[in-house]
Amino acid sequence: VHFGEVDELRIFTLSFALLAVSGCAKEAPVQSSSSPPSAPVAKASNPVKVLMIIAHQDFRDEELTEPKNLLEQAGHTVVIASSREGTAKGMLGMRVSVDMTLKQVNPEEFGAIVFVGGTGAQEYWHDSTAQAIAREAVAQGKVLGAICLAPVTLANAGVLKGKRATVWATERDRLMAQGATYTGADGEVDGKIITADGPRSARAFATRLVEAIAGK
């Protein structure tokens, strides 16, 4: 089958549009070798348990590993939760054993709760259990973080109303519809709520989480 130039242009335009709205999962893998080495992480004087919530399918790998590594270097214990038990799979091929399901989570046990992004994060946008965890985290004065597509879950839980926040740019209207002040920044900190826009901000996001837990 031969397509004319107009048809080829339409196909290219449609493909580009689909790529643009598909979320941070389509961003190329972040090459750690192109980033400057991380500064040594000071050990926390009061280590806490940190809950990281990932999609069971298609979480974004760097958005889990960068914060997890830095949190553990600081002496914190990281617990992985997902919608169901077993092995969760990342967009780039990472496989992670789930420690607990969302229904087993007691926010009181954790000093911080972090929602990881990736295309799969959409499974929590309208999940009542995930939203309840976010609300409890705020009510109990916990550090609450979300990156990439995950801030939409926080917005739908009602905890970003009147707060400065960011998200993967295609989803900014979802935040604003729930009363958040979308800034378009790579990362935002408003009180104890920390948001970031995608994989390339994962390291800075991790640093902000460590600092917030330390009370800085």
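For this chain, numbers begin at 1 and follow the sequence in order. Keep in mind that what you see is a predicted model, and the values were worked out from it rather than measured.
Residue pairs satisfying the salt bridge (Lys or Arg N to Asp or Glu O under 4.0 Å) criterion with at least one member in residues 134-156, sequence neighbours excluded, are absent. For residues 172-181, every residue pair satisfying the side-chain hydrogen bond (donor to acceptor under 3.5 Å, both in side chains) rule, not counting sequence neighbours, is listed here: E171-R174.
Contact check for T153 versus D127: no side-chain heavy atoms found under the 4.5 Å cut-off.
T207 meets the side chain to side chain contact (heavy atoms under 4.5 Å, CB included) test with L70, E211; sequence neighbours excluded. Applying the side chain to side chain contact (heavy atoms under 4.5 Å, CB included) rule to V105 yields the partners L51, A81, M100, P107, F110, I133; only residues at least two apart in sequence or on another chain are considered. Residues passing the side chain to side chain contact (heavy atoms under 4.5 Å, CB included) test with S82 are I54, H56, V98, Y124, sequence neighbours excluded. With sequence neighbours left out, the side chain to side chain contact (heavy atoms under 4.5 Å, CB included) criterion links A146 to F115, A150, P151, L154.
Between A134 and A157, the closest heavy-atom pair is CB-CB, 4.1 Å. Nearest heavy atoms, V116 versus L64: CG1-N, 3.9 Å. The minimum heavy-atom distance between L71 and I213, with the atom names listed, is CD2-CD1, 3.7 Å. Closest heavy-atom contact between I193 and V138: CD1-CG2, 4.2 Å.
Annotation: E85, atom CD; neighbour count of heavy atoms from other residues, nucleotides and ligands within 6.0 Å does not exceed 12. Other residues, nucleotides and ligands contribute only 12 or fewer heavy atoms inside 6.0 Å of the CG atom of N46. The local environment of NZ in K161 is sparse, with at most 12 non-hydrogen atoms from other residues, nucleotides or ligands closer than 6.0 Å.
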### Query
Going through the distances and angles, do L175 and V152 end up as a side chain to side chain contact (heavy atoms under 4.5 Å, CB included)?
CA-CA 6 Å; L175 261 62; V152 176; 4.0 Å; yes

### Message
One pair to check against side chain to side chain contact (heavy atoms under 4.5 Å, CB included): E62 and L92. What are the steps and the verdict?
### Response
CA-CA 9 Å; E62 305 98 317; L92 306 181; 3.6 Å; yes

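A donor-acceptor pair under 3.5 Å is formed between the side chain of Q131 and the backbone N or O of W125.
Screening I194, V189, D186 against F205 for a side-chain contact (heavy atoms from CB on, under 4.5 Å) leaves a single residue, I194.
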